[in-house]
Asks: 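First the structure, which I've put down as structure tokens, then a few questions once you've had a look.
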Amino acid sequence: MRILFLGAPGSGKGTQCKKLADKTGLVHLSSGDMLREATAKGTEAGQLAKGFMDKGQLVPDEVLIKMFEEKLSSPECSKGFILDGFPRNIAQARSLDALLEKLRAQLNVVINLQIDDHLLTERIVGRRVCSNKSCNSVYHVTFSPPKQEGRCDLCGSDLYQRSDDKEELVKERLHTYHNLTEPLIDFYDAKLLLRTINAQGQAETIFADILKTLEEKKSPTSK
Ligand code: AMP
């Protein structure tokens, strides 16, 4: 399947996509992770991206489109993928359409994780991420703390707070989301691909809802 996730920063997209990738074996393509990796490696794209990410703004479309063109054309994506964080505006969504057409592929479903704004800041500011790039597990200081403070339960590496998860940047990121990314909800609804899921409960409940939605999508006649 080719699945796209939409949702504000802090809606739990990354966590849910990771769980889904583990369960289905589909490739998880997180634009934020890809950009952070490029930044850490100091590639040309990474250096350009850093300035925008540090301000909570979108990185120029060309950078993302090139990155996803390469990824989606690669053999690892031929059986399907989970898109997380791309597209982030209408221009990117149109480029994705064109790219998929070139690959003779189509999205099967767009899952929109719906959550009230007032919950997002607390979720984002309390988020801690594993520093081991091949683990990348996500915790929350209050809602899902690690067993030992500052250490990943799975691999024992240090946890850190993303620089753009600091409170002063969250407002800007939410503003960017509402202005530029939220219009994608209508864009994909018009294509009859959109399924909205309440993302305010427990991660396990939300994941069960996602699996149910995907099952219904696979066999649309079953109730
Ligand atoms: P995320 O990890 O998805 O919250 O993304 C972190 C940051 O990476 C965002 O605040 C943007 O600066 C940048 N970014 C991620 N995905 C995109 C995208 N599709 N287009 C432009 N910028 C992006």
Side-chain angles (χ1 to χ4, degrees), residues 3-18 20-21 28-72 81-100 107 110-113 115 117 119-131 133 135-140 159-185 187-188 199:
I3 306 163
L4 163 59
F5 275 80
L6 293 178
S11 61
K13 273 193 314 311
T15 303
Q16 296 297 338
C17 287
K18 220 165 178 313
L20 189 60
H28 172 200
L29 301 173
S30 155
S31 56
D33 286 349
M34 284 155 76
L35 288 168
R36 279 184 288 278
E37 202 181 313
T39 306
K41 282 189 185 148
T43 65
E44 201 180 318
Q47 287 177 28
L48 173 71
K50 192 171 183 328
F52 293 92
M53 294 169 82
D54 285 347
K55 289 196 218 116
Q57 294 170 356
L58 293 189
V59 173
D61 294 343
E62 313 81 77
V63 175
L64 275 296
I65 292 164
K66 185 155 181 278
M67 250 166 49
F68 276 85
E69 225 164 22
E70 279 165 21
K71 275 281 177 195
L72 296 183
F81 47 76
I82 303 166
L83 289 180
D84 164 12
F86 175 85
R88 207 81 154 213
N89 61 24
I90 298 283
Q92 291 182 13
R94 294 215 170 99
S95 298
L96 176 63
D97 275 353
L99 179 57
L100 290 175
L107 289 175
V110 176
I111 294 183
N112 175 37
L113 297 182
I115 177 167
D117 253 21
L119 295 174
L120 293 172
T121 306
E122 195 183 3
R123 279 206 189 190
I124 299 172
V125 174
R127 178 158 62 187
R128 298 292 180 270
V129 187
C130 178
S131 55
K133 291 297 158 224
C135 175
N136 244 341
S137 294
V138 181
Y139 298 84
H140 188 283
L159 303 182
Y160 75 103
Q161 184 183 35
R162 277 171 43 180
S163 57
D164 60 346
D165 279 351
K166 305 242 158 73
E167 195 156 1
E168 47 295 4
L169 266 191
V170 170
K171 220 172 140 201
E172 180 62 29
R173 287 171 65 201
L174 291 179
H175 180 75
T176 304
Y177 168 76
H178 287 303
N179 274 337
L180 300 173
T181 310
E182 212 166 43
L184 293 179
I185 294 175
F187 181 88
Y188 287 113

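These figures come from a predicted structure and were not determined experimentally. Note that ligands are numbered from 1 as they come in the structure, with each ligand's atoms numbered from 1 the same way.
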Asks: Would you find a donor on one side and an acceptor on the other, under 3.5 Å apart, between the side chain of Arg173 and the backbone of Asp164?
Replies: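 Here the side-chain-to-backbone pair exists.
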Asks: Can you work out which protein residues put a heavy atom within less than 4.0 Å of ligand 1?
Replies: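 Only Ser31, Gly32, Leu35, Arg36, Met53, Gln57, Leu58, Val59, Leu64, Gly85, Phe86, Arg88, Gln92, Arg162, Asp164, Arg173 have heavy atoms that fall under 4.0 Å of ligand 1, ordered by chain and number.
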Asks: Is the backbone of Gly7 close enough, under 3.5 Å, to the side chain of Lys13 for a donor and an acceptor to pair up by distance?
Replies: yes
Asks: Is it the case that the side chains of His178 and Asp117 hold a donor-acceptor pair, with the cut-off being a distance below 3.5 Å and no angle test?
Replies: yes
Asks: Would you say the side-chain atoms of His140 pair up with the backbone N or O of Glu122, donor to acceptor, closer than 3.5 Å?
Replies: yes
Asks: Would you say Glu182's side chain and Tyr177's backbone share a donor-acceptor pair under 3.5 angstrom?
Replies: no
Asks: Set out, in order, the CA-CA distance, both residues' side-chain angles and the distance that settles salt bridge (Lys or Arg N to Asp or Glu O under 4.0 Å) for Arg128 and Asp165, then state yes or no.
Replies: CA-CA 9 Å; Arg128 298 292 180 270; Asp165 279 351; over 6 Å; no
